[in-house]
Amino acid sequence: MSITQSDVLYTAVATAENGRDGRVATNDGKLDVVVNPPKEMGGSGEGTNPEQLFAAGYSACFQGALGVVARQEGADISGSTVTAEVGIGKNADGFGIIVKISAKIPNVSAATAKELVEKAHQVCPYSKATRGNITVDLDVA
């Protein structure tokens, strides 16, 4: 279910210069990074890239969703981590991305961890935004 502008609690604002080979900064100055294509895509690889930024945002958001689900279920997820791997490659109409979310949740059983990750995937805003648009694989270690 989508939200309306009146539902918005916070809006992040970032501006890019020169696309994948330039600079990205937020309006509040908290993020200001050089972006360069990775060496694997013919770039210098000296700066960060959009896929790394997306992976950072997705992993943090998913970890937050995992916390919400764990509180609802009464599960202990202390010491847990979420890693997002964002791959980019050519597809029929240019380029596309694929994501793998890996969660390590040491204080619960493997079955409980899997259930928590699947529930987090249903409530995470990044997961909702990408659902039906890209492949997102879930992995529980």
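Just so you know, these numbers use all the heavy atoms, side chains as well, and skip hydrogens, waters and symmetry mates.
- In this structure, the side chains of E85 and S102 come closer than 4.5 Å at one or more pairs of heavy atoms.
- Across every non-hydrogen atom of A120 and A65, the tightest pair is O-CB, 3.8 Å.
- If you take OG on S80 and CD1 on I105, they are separated by 6.0 Å, rounding to the nearest 0.5 Å.
- Closest approach of D137 to T135, counting heavy atoms only: OD1-CG2, 3.8 Å.
- A chain of hydrophobic side-chain contacts below 4.5 Å, direct or via other Ile, Leu, Val, Met, Phe, Trp or Tyr residues, connects Y58 to F95.
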task: Please step through side chain to side chain contact (heavy atoms under 4.5 Å, CB included) for the pair V136 and K100, ending with a clear verdict.
output: CA-CA 6 Å; V136 178; K100 178 180 177 186; over 6 Å; no
message: Is there a side chain to side chain contact (heavy atoms under 4.5 Å, CB included) between Q72 and K119? Walk through the geometry before answering.
response: CA-CA 11 Å; Q72 291 171 345; K119 286 182 178 180; over 6 Å; no
- request: Given side chain to side chain donor-acceptor pair (under 3.5 Å), test D32 with T26 step by step and report yes or no.
  value: CA-CA 7 Å; D32 189 341; T26 56; over 6 Å; no
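- I101 and V108 fall within a single hydrophobic cluster, where Ile, Leu, Val, Met, Phe, Trp and Tyr are joined by side-chain heavy atoms under 4.5 Å apart, directly or via other members.
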query: Yes or no on side chain to side chain donor-acceptor pair (under 3.5 Å) for T81 and Q63, after CA distance, side-chain angles and deciding distance?
result: CA-CA 7 Å; T81 60; Q63 178 76 38; 6.0 Å; no
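- Considering only heavy atoms from C-beta on, N36 comes within 4.5 Å of S44 through its side chain.
- Placement of V123 and I77 within a single hydrophobic cluster is found when ILVMFWY residues are connected by side-chain heavy-atom separations under 4.5 Å, directly or transitively.
- Two residues are said to be in side-chain contact when any heavy atoms from C-beta on lie closer than 4.5 Å; V35 and D21 fail this criterion.
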task: Give the C-alpha distance, both sets of side-chain angles, the deciding distance and a yes or no for side chain to side chain contact (heavy atoms under 4.5 Å, CB included) between K128 and R131.
output: CA-CA 5 Å; K128 288 179 181 180; R131 190 165 292 123; 3.8 Å; yes
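- Distance alone, capped at 3.5 Å, places no donor-acceptor pair between the R20 side chain and the G43 backbone.
- Considering CZ of F62 and CG of L138, their distance stands at 5.5 Å, rounded to 0.5 Å.
- Separating the CD1 atom in I88 from the CD atom in E40 is a distance of 11.5 Å, to the nearest 0.5 Å.
- Within the 4.5 Å cutoff, the side chain of L66 has heavy atoms near those of the L116 side chain.
- Between E46 and K39, no side-chain nitrogen of the basic residue sits less than 4.0 Å from a carboxylate oxygen of the acidic one, so the salt-bridge criterion is not met.
- Side-chain N/O atoms of N27 and T15 include no donor and acceptor closer than 3.5 Å.
- I134 and V82 fall within the same hydrophobic cluster, where Ile, Leu, Val, Met, Phe, Trp and Tyr residues are linked whenever their side-chain heavy atoms come under 4.5 Å apart, directly or through other members.
- Minimum heavy-atom separation, D93 to N91: OD1-OD1, 2.9 Å.
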field: Candidate pair L53 and T48, rule side chain to side chain contact (heavy atoms under 4.5 Å, CB included), full reasoning
entry: CA-CA 7 Å; L53 296 170; T48 189; 4.2 Å; yes
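- Both V86 and M41 are members of a single hydrophobic cluster when ILVMFWY side chains are connected at heavy-atom separations under 4.5 Å.
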message: Is there a side chain to side chain donor-acceptor pair (under 3.5 Å) between T130 and N133? Walk through the geometry before answering.
response: CA-CA 5 Å; T130 59; N133 298 311; over 6 Å; no
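- With contacts defined as side-chain heavy-atom distances shorter than 4.5 Å, the pair S78/N107 qualifies.
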